[in-house]
Each structure stands twice: as structure tokens, then as C-alpha cells.
Student: 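Just dropping this structure here.
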Amino acid sequence: MEKNNNRLGWLFASPYLIFSTVFFLGPLIWSLYLSFTNWDLISPTYDFVGFKNFTKALGTPGVKSAFWVTYKFMIIFVPIVTAMSLFVAVIVKGLPKLKTVFLIGFFLPYLSSGVVASLIVKGFLSHTSPVQTFLRERLGLDIDWLGGSFSALFVVAMIMAWKFTGYYALILTSGLESIDQEVYEAAAIDGVKDSQRFWKITLPLLYPAIYTTLILSFGATFGIFTEVYQLTGGGPNYATNTWQMEIYSQAFKNLQAGYASAIAIMAAVATFISIFVIRKILEMWGKRNGWV
């Protein structure tokens, strides 16, 4: 009986296992293999070059910028999207009715095309747009939003925050809904003021949901491509050059597939190590405050 149940379990899990093998494990092994070659994406032949691609990548401006831009973007994006999603979750939680309708409305940007959103923002911030014209003629402000190092990164961060806010708000709203109202009633009896209720009760009990959204938002910073590709192309002067943008440029523009594979492996290692460290920091934060 137990053997039959095990076989049935493997049978139901087989579609996912096959999908993961074909589209994740297979490409990962192939990419690792290519990282030790000089394949140019076109030629049927190539040579093994050992670790030359990795040593080359460590000294190039593109890879260095991709490493630092990721963390700069993280510093801007994570606090903004966390605050926005938490604000939306609290507002929706307080609505007397139609909560689902509002949550779906906030969730729609997550389903929208990143290409379309980026093109709209690019047109909105262009030199001849009505907004830019108003700023120049009425306020005397001539801002090149996509031409400045910080402003370009900030624009991309805001687009990503707009896109992910609804998704994270769903998780936080579920966390808020799971908090028993009797806890608030008991706190009121004990003299906890309304101004202290969020910090003393809601935030500690919401920690599991906040932990999840923070890990997701930190992870999202390592996979940015569409918005950067459409808006800045990695510029100005590598200011928005992400890991994905650097991999794309080397593989499909410079036709250095082997070198791009080495960068992809480096990006994966940086991602796993960063997420591991961030997880440990968040867990220490929760334990220190007694939330775990």
C-alpha cells in the first residue's frame, strides 16, 4: 500500500520534475559547460579555455557595474516597494467591503507587460512630453530623467515598485487577515494606544508575511532586464547595467556565448550568496525582537 502511494506521488510530481529537468537543470548544466569555452553562438566549433572567461569577467567594467548596480537598486527598490505594499495592505484591510476588487486592481500591474509599461514611461519622460514641457516652461526644471545615473536607476526602481506592489500587498493582506481581532481587544484592555497598535501588535504578528515579501523583493533585484533594456540599455555609463543586461549584451550583441555563460554562473553565485546572507539577517532580526 505504501509503495503504491509512493508511486502515485512520483506520478503526480513527474510533470514538474520533467519541466524542471528540461528547462532548468538542463540549461544550467549546458551553461556551466559553455562557460569554459569560447563559443561565439554561431560557429559549430569552439575551444576550451578553462577559467579564462571567469578571470576576464572579474576585470571588466560591465561585470563590476552589474554587481554594484544590483545592490544600489536594492537599496532604492526594496524600501519603496515594501512601504507601498504595506500601505496598500493596511488600507485594503480597513475597507468595509469590496476588498477583493481593490486587491485585483492593485494586482493588475504585476500581470501587465513590462515592455508596454516601459515604453509608456519613456514617452512620459521624453524631452517633448507635456510633463517635461510643463516643468521647463512653468517651473524652469529641465530634468533628464534617463540621462542621470541616480535618476535613471530611480525611474527603473519606481516602475518595478509599481509592478510588484499589488503582488506583495496580497501576501501582506493575507497576513493581516490571519491576525485574530481578540489580540487587539486584549491589547486595548491592557492600555495599548491606537498609535502603538501597529508597532506593538500588527508588525510582530505580520513578520512571517513581511519576511516573505522582503525575500521576494530582494530576489527580484537580481533578475531585472526588460525595463532596463527598454529605457536605458544599461546606461548612462553602466549606471543601470544589471546582471541580465550584461549577459544579454555579451551573448547576443558581442556574440560571446561562452563568456556570457561565465557571467551567468557568476550572477547565480552572487544571487544565492546574497539571498542566503539576507535570509540570515532577517531571521536574526526576527529572533532578536522575539517575533520568531
Side-chain angles (χ1 to χ4, degrees), residues 66-93 102-114 117-118 121 150-178 198-199 202-232 239-247 267-289 291-292:
F67 181 84
W68 292 114
V69 164
T70 299
Y71 296 106
K72 291 177 183 178
F73 181 84
M74 191 182 294
I75 294 173
I76 301 172
F77 167 72
V78 174
I80 292 176
V81 73
T82 302
M84 289 174 61
S85 56
L86 187 58
F87 176 77
V88 170
V90 172
I91 294 298
V92 171
K93 174 64 170 59
F102 281 95
L103 280 175
I104 292 174
F106 284 114
F107 185 72
L108 287 178
Y110 181 74
L111 302 176
S112 63
S113 170
S118 300
V121 171
F150 176 79
S151 59
L153 199 62
F154 181 77
V155 169
V156 176
M158 290 303 298
I159 296 176
M160 296 293 291
W162 167 80
K163 182 176 181 179
F164 282 95
T165 292
Y167 176 45
Y168 298 155
L170 281 175
I171 300 174
L172 294 174
T173 303
S174 299
L176 290 172
E177 293 288 351
S178 66
F198 177 81
W199 301 104
T202 305
L203 188 62
L205 295 178
L206 196 60
Y207 171 77
I210 294 176
Y211 175 87
T212 301
T213 56
L214 284 174
I215 292 298
L216 290 174
S217 59
F218 279 118
T221 60
F222 291 92
I224 305 167
F225 173 74
T226 303
E227 290 75 15
V228 170
Y229 177 80
Q230 291 292 334
L231 290 172
T232 64
T240 58
N241 190 51
T242 62
W243 282 112
Q244 306 302 320
M245 192 68 210
E246 180 66 16
I247 294 168
V269 172
T271 302
F272 287 125
I273 293 176
S274 299
I275 296 299
F276 177 80
V277 172
I278 291 168
R279 281 184 55 196
K280 291 300 180 182
I281 293 174
L282 292 176
E283 289 170 2
M284 290 173 57
W285 174 53
K287 290 179 180 179
R288 187 180 64 180
N289 291 280
W291 298 345
V292 180

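Given the structure is predicted, the values throughout are model-derived calculations rather than measurements.
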Student: Quick one: does Glu283's side chain get under 4.5 Å of Lys280's, heavy atoms only?
Tutor: yes

Student: Below 4.5 Å, heavy atoms only, C-beta onward: do Thr240 and Leu231 meet side chain to side chain?
Tutor: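 They are not in contact (no side-chain heavy atoms under 4.5 Å apart), so the answer is no.
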
Student: CH2 of Trp285: more than 12 outside heavy atoms within 6.0 angstrom?
Tutor: yes

Student: Extract all donor-acceptor atom pairs below 3.5 Å that involve side chains of residues 167-176 and protein atoms in other chains or at least two apart in sequence.
Tutor:
from, atom 1, to, atom 2, distance (Å)
Tyr168, OH, Leu216, O, 3.4
Tyr168, OH, Ser217, N, 3.4
Thr173, OG1, Ala169, O, 2.6
Ser174, OG, Leu170, O, 3.0

Student: Mark yes when over 12 heavy atoms from residues, nucleotides or ligands other than Phe164 sit less than 6.0 Å from its CZ; otherwise mark no.
Tutor: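 Correct, the count exceeds 12.
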
Student: Is it true that, when you exclude Phe225 itself, more than 12 heavy atoms of the residues, nucleotides or ligands shown sit nearer than 6.0 Å to its CZ?
Tutor: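 Correct, the count exceeds 12.
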
Student: For Ala66 versus Glu246, what's the shortest heavy-atom pair and its separation?
Tutor: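 Ala66 and Glu246 have their closest heavy atoms at CB-CB, 4.5 Å.
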
Student: Can you check whether Phe67 and Tyr71 have ring centres sitting under 6.0 Å from each other?
Tutor: yes

Student: Say whether, by atom type as modelled, one donor and one acceptor occur between the side chain of Thr271 and the main chain of Phe222 under 3.5 angstrom.
Tutor: no

Student: If I compare all heavy atoms of Ser118 with all of Thr226, which pair ends up nearest, and what's the gap?
Tutor: OG-O, 4.3 Å

Student: Are there over 12 heavy-atom neighbours, none belonging to Tyr211, within less than 6.0 Å of that residue's OH?
Tutor: yes

Student: If you draw a 6.0 Å radius around CZ in Phe154, do more than 12 non-hydrogen atoms from other residues or ligands fall strictly inside?
Tutor: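 Open.
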
Student: Taking atom NZ as the centre, does Lys93 end up with more than 12 heavy-atom neighbours from other residues, nucleotides or ligands that are less than 6.0 angstrom away?
Tutor: yes

Student: Closer than 3.5 angstrom, by distance alone: can the side chain of Thr213 be matched with the main-chain N or O of Ile210 as a donor-acceptor pair?
Tutor: yes

Student: Distance check, rounded to the nearest 0.5 Å: Phe218 atom CZ versus Thr82 atom OG1?
Tutor: 7.0 Å

Student: Determine the interplanar angle of the Phe77 and Phe73 rings, folded into 0 to 90°, and report it as parallel if under 30°, tilted if 30 to 60°, perpendicular if over 60°.
Tutor: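 Phe77 vs Phe73 ring planes: parallel.
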
Student: Please find the pair of heavy atoms, one from Val69 and one from Ala239, that lie closest to each other, and give the distance.
Tutor: CG2-O, 3.3 Å

Student: How far apart are the closest heavy atoms of Met158 and Ile80, and which atoms are they?
Tutor: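 Nearest pair, atom of Met158 first, then Ile80: SD-CD1, 3.9 Å.
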
